[in-house]
Each structure stands twice: as structure tokens, then as C-alpha cells.
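These notes are about the structure you will find just below.
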Amino acid sequence: MTDHPLDRLWATIETRRGTDPEASWTARMLARGPEKCAEKFGEEAIEAIIEAVRGDRSRLVAEGADVLYHFLLMLAARGVSLDDVLAELARREGTSGITEKAARQGT
Ligand SMILES: N=c1c2ncn([C@@H]3O[C@H](COP(=O)(O)OP(=O)(O)OP(=O)(O)O)[C@@H](O)[C@H]3O)c2ncn1[C@@H]1O[C@H](COP(=O)(O)O)[C@@H](O)[C@H]1O
């Protein structure tokens, strides 16, 4: 674990698991289940897309933060860790995105 804000946010999300849903948005969303977390992530992603298309920089920064938070929430709800995703990114380092796409498609 590093002192990166994403690591700290992940640690906070994990501490909220099973706590009072009235006191924590994270606890409330986790209690609502992975489908609801995925739906919320989708909504936040669309809001970020809208701001990217509009070109509103500060709104995109704010929506981007919402996207990252709700992405971590969606992972946590499915028992996938941030480290799992970071390990996959690390595995791809140094490979060509085009080669990677072909490998995934089996071509
Ligand atoms: N980064 C966030 C974060 N980003 C967004 N949100 C919440 O996500 C919710 C959804 O945002 P919306 O704008 O969609 O608001 P909404 O209430 O769903 O309204 P609708 O538009 O859906 O009707 C809001 O309640 C925001 O406060 C967050 N809630 C928590 N965190 C982090 O998680 C930590 C723990 O929070 P709690 O679990 O609430 O203690 C916080 O200290 C933050 O670091």
C-alpha cells in the first residue's frame, strides 16, 4: 500500500463495509449490492462524458473524481481489489496497445 490518494480511498471504502448505511454513503451503496453500484458507476461515467464533450474543465475534474470513487465502489462490491486492477495495468506496461487488443481478440 502506498500513500496515493486512490490507495487511501480504497482503504476507507474497505473500512465502511458492514457499517451503518445511515452514516456512510459507501456503506449504503455496498449494502445495496453490486448491481446498484454498477448502475451508479454508469451514471457517473455518463456525467463525466457529458462534461468531456462540453469541454468544461472544472466540471470534468469533479465528475472524474466521482467516477474514480464509484469505480472503486463497484470493484469492492464484487470483491475485486484496486490492487487486482493495478496489477493488470502493470502487466500491460511496455506492451503495445494494438498488440494487447489483438491478443484479447485471439487474432
Ligand atoms: N469520494 C467520495 C464521493 N464522491 C461522491 N460521493 C457521494 O456519492 C453520492 C452520489 O453523488 P450524486 O451527485 O449522484 O448524488 P445523489 O445523492 O446520488 O443524487 P442523484 O443525482 O443520484 O439523485 C453523493 O452522496 C456524494 O456525496 C462520495 N462519497 C464518498 N467519497 C469518499 O468516501 C469517503 C467515505 O465516505 P462515507 O462512506 O460517506 O463516509 C469520503 O471521505 C470520501 O473520501
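These figures come from a predicted structure and were not determined experimentally. Both counts, for ligands and for their atoms, begin at 1 and track the order of listing.
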Correct closest heavy-atom pair for E22 and R28 would be O-NH2, 3.9 Å
Tell me the residues surrounding ligand 1, counting only those with a heavy atom closer than 4.0 angstrom, sorted by chain and number.
L9, T12, R16, S24, W25, T26, K40, E44, D66, Y69, H70
With a 3.5 Å distance limit and no angle check, can you tell me whether R17 reaches the backbone of A27 through a side-chain donor-acceptor pair?
no
With clusters built from Ile, Leu, Val, Met, Phe, Trp and Tyr whose side-chain heavy atoms come within less than 4.5 Å, directly or transitively, what are the remaining members of the cluster of L60, listed by chain and number?
none
Return yes if some donor-acceptor pair links the side-chain N/O of T15 with the main-chain N/O of T12 below 3.5 Å, else return no.
yes
Considering only heavy atoms from C-beta outward, does the side chain of M74 approach that of H70 to under 4.5 Å?
no
Nearest heavy atoms of M29 and C37, plus distance in Å:
O-SG, 3.4 Å
